[in-house]
Amino acid sequence: MNFNDRFFKLRLKLTDVKLRLKRAIPALTAKLKSVRADDVKHALRSAVLGVKPLFTQTPADLRDWTVKTDKVRFSVFFILLSVVFVTAGSFYAFLADDAFITFRYVSNAVKGWGYTFNPPPFDPVSGFTGILWMTLLRALWMIGVQPPYSANLMTNLFSMAQVWMCFLFIRRMAVQPVFQRKSLYLFLIVCLILLTNKTFLEFMTSGTEAALFNFLALWWTFEATSDKTRNPLWLAVSAVLLALCRFDGVTFIPASAVFLCAFLFTGRPKLLCLTGLVVLGTPLLYYGWLEKVYGDAVPNAVSVLFTGFFPAIGRDYALSFVLEYALYFWSVFFLPWAAFKFGIRRQKGFAVLFLLILSFVAYVGVYLFAVGADTLEYRPFGFFIPLFALAGVKMLTENICRSFKGVLIIVCAYLLVGTAIPSAHASLTKDLNTRRETAFLYRPVAQKAGWRAFFAKQWDEAQKRLIYQGAALRWREHKVLTEELLKTFPARADGERVKKDAYRLFAWDFVGVAGWTLPETFIIDLSGRSNIIAAKSPLKYETRRLLGHERAVPDGYVRCFNGGSNIAIDPFSGKKNLRLLRAAPLTEGRVKGCEGFWKSQIGASKPKPLRAPLR
């Protein structure tokens, strides 16, 4: 069938559809006219009466909720919760530039080049921190759902999965009978704390793996603190997924091994515990694959951030997180709760609590020990937000308070203190919408926050040191950066016209949006995350970190590619301005030669000559 025949056939189909619509509209209009007002009222009354029992007869004790008998109630309840959380999260919706780096890796994998930042002839580089998030995005792509929509869809789903985990925690929580009978309200209190927490709402979007990692950390905690009825294999599975999701998730592997060994002596099925220990070894296959494909078991995105053990920014990073959300508030209740529970009542569970705290201290310690901080606000610590909320509710309802009134008073006091710094900072920065205004965004809040903000001056000082070094950068800075880059770089559909065979090259250090909108253009990542030569280059400054942008890449490296970038873009001009520059043709041999030569310089005391000296 030639083109004209196909076009004629298509026109016939369209004509047939138009005729059917013309016939259907009058029939539908006539049917609507025949509907009586009493019928509409009866239908609405029946609908209201059908939904009313879902609210009036909903059990306040979560132990009375079962999925088998209350499917409709569960569905309606969590749909309403999802609407509330997604609406609240929309006020902090953003996409980080880092997320687009992951999108490019997924795009290249879909094109058949594997998980690599640049297509061949460039060698693959592991500019990602874990493979699980990329695998999920790739699976969605294969069924037609592409980033960034797929990323936002998944972050919303995994954020609500965290809320579901909170529901399960509250449901099984051992509290006083007066609170158990109304445990639904305890769950709603936890939801209120999450809805007022900026970090939780921010990572309902972002495009990164944060929501997935936080959900897995909550799941792991749920399994680690479960009773004998739970299958210990789930603890191992959640730990393995954490290790595959992000490199710092590896710390949950030895922690799980300790828990499984403890389970062997507490009545758990020994075969399942031993099987779990075997499952914990499966990430070795992943790291072996990294070693084989990329030449290093440690992802390049992690090694580029390493400048030495115990970086100075680590202390400020942890302090800033604790002070901003007043997490110290709950420590006031921890000692009396623990003394009453384990000292006076002699209740069981101290060993599990000790191992759990030790696991989290190890996680924080290893992260601060090796990396120190993250550029994207408090991404590594996001899962502590729901855990602290759950721990606070548990302490209050187990042996601190005797009535809901007392719980509400203490929770309201926490919300007053815990929202003081974030709300003050938000009011000071809400009108900043350009890159010039938000670059290295720092605003002291001590005067604005007022009496509610304890330790505000200490937070200001810690933030000043962090922001100066490119760490814990605020979400608004990331939001504005991505928005301005999307305004100036071409749409992805236009960028795809620049094919790989054209050997176009662009060098910069903010390569997320650039790499996504120019999918087949060779991108030299000067930040080092997706470029080994840049990652191994010396630091720009001896006394200052500039997290993610601190490598002094040799000028000769970029110029080696026939003079450097043959694409020009003014990234913050506010309008699309891609220009293809005239330059000497870049060839496969030139790319391989430049990459091979500069890789040979890594670790060398002085540059090696291209040729042996004449004698």
Side-chain angles (χ1 to χ4, degrees), residues 78-79 81-83 85-117 119 126-165 200-219 241-242 244-246 249 299 301 376 379 382-383 475 478-479 481-483 485-486 489-496 511-520 523 529-530:
F78 275 95
I79 287 173
L81 271 181
S82 299
V83 171
F85 271 94
V86 171
T87 301
S90 66
F91 292 100
Y92 295 95
F94 79 109
L95 284 169
D97 185 65
D98 283 0
F100 288 90
I101 295 178
T102 304
F103 300 164
R104 180 177 170 99
Y105 275 90
V106 177
S107 173
N108 285 339
V110 171
K111 290 176 182 288
W113 295 320
Y115 289 120
T116 180
F117 189 68
S126 53
F128 48 84
T129 57
I131 197 172
L132 183 59
W133 182 239
M134 294 193 303
T135 303
L136 289 176
L137 292 179
R138 184 179 181 182
L140 287 175
W141 194 316
M142 299 304 291
I143 61 173
V145 187
Q146 297 183 16
Y149 176 78
S150 60
N152 282 334
L153 174 65
M154 296 301 287
T155 51
N156 275 282
L157 287 175
F158 284 116
S159 295
M160 291 311 301
Q162 294 176 62
V163 177
W164 169 251
M165 291 306 305
F200 183 86
L201 297 177
E202 286 169 6
F203 289 111
M204 289 192 71
T205 50
S206 86
T208 68
E209 80 297 327
L212 171 59
F213 188 89
N214 295 341
F215 159 68
L216 292 174
L218 286 179
W219 181 25
L241 292 177
L242 280 164
L244 298 179
C245 182
R246 209 163 61 204
L376 190 52
R379 173 167 49 178
F383 66 90
W475 78 274
H478 290 281
K479 176 177 182 289
L481 172 66
T482 302
E483 288 176 348
L485 292 178
L486 288 172
F489 279 82
R492 180 174 167 86
D494 296 329
E496 281 186 314
V511 297
V513 171
W516 174 248
T517 58
L518 299 168
E520 296 192 24
I523 307 290
R529 171 172 173 166
S530 295

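This chain uses plain numbering: 1 for the first residue, then up along the sequence.
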Hey, are the side chains of Met154 and Leu212 touching, using non-hydrogen atoms and a 4.5 Å cut-off?
no
Working to the nearest 0.5 angstrom, can you tell me the gap between Arg104 CZ and Tyr115 OH?
15.5 Å
With a 4.5 Å heavy-atom cut-off, do Asp97 and His478 have their side chains touching?
no
Could you check whether any side-chain N or O of Ser206 sits under 3.5 Å from a backbone N or O of Ala96, counting only pairs where one atom can act as donor and the other as acceptor?
no
Looking just at side-chain N and O atoms, do Ser107 and Arg492 make a donor-acceptor pair shorter than 3.5 Å?
yes
Close side-chain approach of Arg379 and Asp98, heavy atoms under 4.5 Å:
yes
How close do Ile101 and Ser530 get, counting heavy atoms only, and between which atoms?
CG2-OG, 3.9 Å
Shortest non-hydrogen contact between Ala93 and Trp475, atoms and distance
O-CZ3, 4.1 Å
Find out whether Glu520 and Glu496 are in side-chain contact, i.e. whether some heavy atom of one side chain is under 4.5 Å from a heavy atom of the other.
no
Does the separation of the ring centres of Tyr105 and Phe128 fall below 6.0 angstrom?
yes
Would you name the heavy atoms of Glu209 and Cys245 that are closest together and state the gap between them?
CG-SG, 3.9 Å
Check the angle between the aromatic planes of Phe85 and Phe200 and answer parallel, tilted or perpendicular using the 30° and 60° thresholds.
perpendicular
If I take atom OG1 from residue Thr87 and atom CE from residue Met204, how far apart are they, to the nearest 0.5 angstrom?
9.0 Å
Nearest-0.5 Å distance, OG1 of residue Thr129 to CG of residue Leu244
11.5 Å
Mind running side chain to side chain contact (heavy atoms under 4.5 Å, CB included) on Phe203 and Thr155 for me, showing each step along the way?
CA-CA 7 Å; Phe203 289 111; Thr155 51; over 6 Å; no
For the residue pair Ile523 and Phe117, establish whether any side-chain heavy-atom pair is separated by less than 4.5 Å.
yes
Heavy atoms, side chains only, cut-off 4.5 Å: are Thr208 and Leu376 in contact?
yes
Check for a donor-acceptor pair, side chain of Arg246 on one end and backbone N or O of Gly130 on the other, with a separation under 3.5 Å.
no
Mark yes or no for whether Thr205, through its side chain, and Asn152, through its backbone, hold a donor-acceptor pair below 3.5 Å.
no
Less than 4.5 Å apart, side chain to side chain, heavy atoms only: is that true for Phe215 and Ser159?
no
Write down the atom of Ser150, the atom of Leu140, and the distance for their closest heavy-atom approach.
CB-CD1, 3.8 Å
Might you work through the side chain to side chain contact (heavy atoms under 4.5 Å, CB included) test for Phe213 and Leu216, ending with a clear yes or no?
CA-CA 5 Å; Phe213 188 89; Leu216 292 174; 5.8 Å; no
Are the side chains of Leu95 and Val513 in touch, meaning some heavy atoms are under 4.5 Å apart?
no
Quick check for you: to the nearest 0.5 Å, what is the distance between Trp141 atom CH2 and Gln146 atom CD?
4.5 Å
Quick one: does Asn108's side chain have a donor or acceptor within less than 3.5 Å of a partner on Thr116's backbone?
yes
What pairs of donor and acceptor atoms, side-chain ones from residues 131-138 against any protein atom, are under 3.5 angstrom apart with sequence neighbours left out?
unit_1 : atom_1 : unit_2 : atom_2 : d
Trp133 : NE1    : Gly207 : O      : 3.3
Thr135 : OG1    : Ile131 : O      : 2.8
Arg138 : NH2    : Ala109 : O      : 3.4

Between Leu241 and Trp219, does the side chain to side chain contact (heavy atoms under 4.5 Å, CB included) criterion hold? Intermediate values first, please.
CA-CA 11 Å; Leu241 292 177; Trp219 181 25; 3.8 Å; yes
Using 30° and 60° as the class boundaries, would you call the ring planes of Phe100 and Trp516 parallel, tilted or perpendicular?
tilted
